[in-house]
Amino acid sequence: MEHTQAILLISFGTSYLGSKEKTIDKIAEKISQAFPHCKLYQAWTSKVIINILKKRDSLCIPTVEEAMEHIIADGVKSLVVQPTHLIHGLENEVMEETVRNYAPQDMDIRFGTPLLSSTEDHKAALYAATREFSNLPSEEALVFMGHGTSHHANSVYAALDYMLKDMGYPNFFMGTVEAYPDLDALIRQVSKTHAKKVHLAPFMLVAGDHANNDMAGDSSDSWKSQFEAAGYEVECHLKGLGECHGIQNLYLDHLKAALLPS
């Protein structure tokens, strides 16, 4: 069957099926409802996670290459690719290159932007992420765990930390698990406040391995354990950004902009 226009939703993926259902699946559902005239395809970029789900759960998630082969076979002439990546880093660059390499020359391809692609995006994402914490007492702090990357796009996390303060949240902090601002920097920053309790929350699409283990795990090097060792009471919130309606809608806005270019 030939489909002239389609959407390809691309995510890194997660081995935590509960979080997948609350995040990636919900975004896909919203896209299908908002754009019923477009056939929706999905793909994940992490072949490691794809293999885990196939072996463990008999769940087959297409790679980007496999999704593109299916799209081409279906006769799609116009394709809009929407990533659920947070930033335009290495993952997003490789994904775009893969799509372009597979697509035939006569296929019209447009890319929606990642979640954090403008100052307006940053504000909207932080507003959505902080809503349930906006009334924290002054003796409590909120620390977000972002992923982090060696790509220059990592600077967005420091900008988000600055923006949190500018939004009126002196006790809210943004860090990363694999880059800077790192955990040591966060502990130093929190120590300058009067906080006695620290709330930890992932600033990632899903509450997956990083959130459950690096952030909230019981190992001595987890963020939870390190903040407890520094003398704080710690509460972990295992909720991915993709569960927030405001975040889901922001992805829809990016997709709409790509579908209907100005």
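These values consider heavy atoms only, across backbone and side chains, with no hydrogens, waters or symmetry-generated copies. Because the structure is a prediction, the values reported are computed rather than measured.
For Tyr169, the ring-ring contact (aromatic ring centres under 6.0 Å, His included) partners at least two apart in sequence or on another chain are Phe172. Partners of His122 by ring-ring contact (aromatic ring centres under 6.0 Å, His included), not counting sequence neighbours: none found. Residues forming a ring-ring contact (aromatic ring centres under 6.0 Å, His included) with Phe133 (at least two apart in sequence, or on another chain): His237.
Between Lys26 and Glu21 there is no salt bridge, since no side-chain N of the basic residue sits under 4.0 Å from a carboxylate O of the acidic one. Remark: Asp108 does not engage Lys77 in a salt bridge, criterion side-chain N to carboxylate O under 4.0 Å. Taking the charged nitrogens against the carboxylate oxygens, Lys197 and Glu235 do have a contact shorter than 4.0 Å, which makes a salt bridge. Salt bridge absent: Arg188 and Asp184 never bring a charged side-chain N and a carboxylate O closer than 4.0 Å. A salt bridge is absent between Lys47 and Glu66: the closest approach of a Lys/Arg side-chain nitrogen to an acidic carboxylate oxygen does not fall below 4.0 angstrom.
In this structure the side chain of Phe173 never reaches within 4.5 angstrom of the side chain of Leu164, judged on heavy atoms. Side-chain contact between Leu86 and Pro114: absent, with no pair of heavy atoms (C-beta onward) separated by less than 4.5 Å. Residues Met215 and Cys236 meet the side-chain proximity criterion, which asks for heavy atoms closer than 4.5 Å. Counting heavy atoms from C-beta outward, Lys20 and Val206 have side chains that stay 4.5 Å or more apart. Within the 4.5 Å cutoff, no side-chain heavy atoms of Tyr251 are placed close to those of Leu255. Contact check for Met68 versus Val99: side-chain heavy atoms found under the 4.5 Å cut-off. The side-chain heavy atoms of Phe12 and Leu205, taken from C-beta on, include no pair separated by under 4.5 Å. Using a 4.5 Å cut-off on side-chain heavy atoms (C-beta onward), Phe203 and Met145 make no contact.
Listed here is the closest heavy atom pair of Gly112 and Pro83: O-CD, 3.2 Å. Nearest heavy-atom pair, Thr14 versus Leu53, reported as atom, atom and distance to 0.1 Å: O-CD1, 3.8 Å. Between Cys244 and Ala128, the shortest heavy-atom contact is SG-O, 4.0 Å. Ala67 and Gln42 get closest at one heavy-atom pair: CB-O, 4.0 Å.
Between atom CZ of residue Phe111 and atom CG of residue Leu8 there is a gap of 9.0 Å, rounded to the nearest 0.5 Å. Rounding to the nearest 0.5 angstrom, the gap separating the OH atom in Tyr232 from the OG atom in Ser191 is 5.0 Å. One distance of note links CD1 of Ile49 with CH2 of Trp44; it measures 7.0 Å at 0.5 Å rounding. A distance of 8.0 Å separates CG of Leu9 from CD1 of Ile24, quoted to the nearest 0.5 Å. Remark: Ile10 CD1 to Thr63 OG1 distance equals 10.0 Å, nearest 0.5 Å. The CD1 atom of Ile7 lies 9.0 Å from the CD atom of Gln82; values are rounded to the nearest 0.5 Å.
Under 3.5 Å, the side chains of Thr98 and Asn101 contain no donor-acceptor pair of N or O atoms. Between the side chains of Thr23 and Glu243, no donor N or O sits under 3.5 Å from an acceptor N or O. Defined by atom type and a distance below 3.5 Å, a donor-acceptor pair is present between the side-chain atoms of His151 and Glu93. There is a side-chain donor-acceptor pair under 3.5 Å between Ser225 and Ser222. A donor atom on one side chain and an acceptor atom on the other are not found under 3.5 Å apart for His194 and Asn171.
Heavy-atom neighbours of Glu69 CD from other residues, nucleotides or ligands within 6.0 Å: above the threshold of 12. With a 6.0 Å radius and a threshold of 12 heavy atoms from other residues, nucleotides or ligands, Lys22 has its NZ atom at or below the threshold. Heavy-atom contacts from other residues, nucleotides or ligands closer than 6.0 Å to NZ of Lys165 number more than 12.
In this structure, the side chain of Asp253 does not engage the main chain of Leu250 through any donor-acceptor pair within 3.5 Å. For Gln248 (side chain) and Gly242 (main-chain N/O), a donor-acceptor pair under 3.5 Å exists by modelled atom type. Within the 3.5 Å criterion, the main-chain N or O of Ala195 finds a donor-acceptor partner in the side chain of Thr193. With hydrogens and angles ignored, the 3.5 Å screen pairs no side-chain donor or acceptor of Ser117 with any backbone N or O of Thr113. Not a single donor-acceptor pair under 3.5 Å links the side chain of Arg110 to the backbone N or O of Val81. Using modelled atom types, one side-chain atom of Thr176 and one backbone atom of Tyr180 make a donor-acceptor pair closer than 3.5 Å. Looking only at distances, no side-chain donor or acceptor of Gln5 sits under 3.5 Å from a matching main-chain atom of His37. With hydrogens and angles ignored, the 3.5 Å screen pairs no side-chain donor or acceptor of Tyr157 with any backbone N or O of Gly146. With hydrogens and angles ignored, the 3.5 Å screen pairs a side-chain donor or acceptor of Arg56 with a backbone N or O of Ser15.
In this structure, Tyr41 has its ring center closer than 6.0 angstrom to the ring center of His70.
The hydrophobic clustering, which links ILVMFWY residues whose side-chain heavy atoms are closer than 4.5 Å, places Val177 and Met174 apart. When hydrophobic clusters are built by joining Ile, Leu, Val, Met, Phe, Trp and Tyr residues whose side-chain heavy atoms come closer than 4.5 Å, directly or via intermediates, Leu142 is not grouped with Leu238. Leu241 and Tyr127 fall into different hydrophobic clusters, where Ile, Leu, Val, Met, Phe, Trp and Tyr are joined by side-chain heavy atoms under 4.5 Å apart, directly or via other members. Cluster annotation: Ile187 and Val198 are assigned to the same hydrophobic cluster (Ile/Leu/Val/Met/Phe/Trp/Tyr, side-chain heavy-atom contacts under 4.5 Å, transitive). Residue Tyr162 is not grouped with residue Val190 when hydrophobic side chains (ILVMFWY) are merged at heavy-atom distances under 4.5 angstrom, including chains of intermediate members.
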For this session: Check the pair Met107 / Ile72 against side chain to side chain contact (heavy atoms under 4.5 Å, CB included), numbers first and verdict last.
Result: CA-CA 9 Å; Met107 181 182 287; Ile72 294 167; 4.1 Å; yes
Exercise. Going through the distances and angles, do Val143 and Gln189 end up as a side chain to side chain contact (heavy atoms under 4.5 Å, CB included)?
Worked result: CA-CA 10 Å; Val143 176; Gln189 293 299 317; over 6 Å; no
Exercise. Passes side chain to side chain contact (heavy atoms under 4.5 Å, CB included), Ile61 versus Lys54? Steps please.
Worked result: CA-CA 8 Å; Ile61 306 291; Lys54 186 175 183 180; over 6 Å; no
For this session: Step by step, work out the side chain to side chain donor-acceptor pair (under 3.5 Å) result for His199 and Glu140.
Result: CA-CA 7 Å; His199 296 262; Glu140 298 183 13; 2.7 Å; yes
Problem set entry | Candidate pair Asn213 and Ser219, rule side chain to side chain contact (heavy atoms under 4.5 Å, CB included), full reasoning | CA-CA 8 Å; Asn213 295 312; Ser219 64; over 6 Å; no
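For the side chain to side chain donor-acceptor pair (under 3.5 Å) with His147, the qualifying choice from Glu91, His210, His85 is His210, the only one to do so. If you run side chain to side chain contact (heavy atoms under 4.5 Å, CB included) between Ile87 and each of Asn154, Leu115, Thr149, Asn92, only Thr149 comes through.
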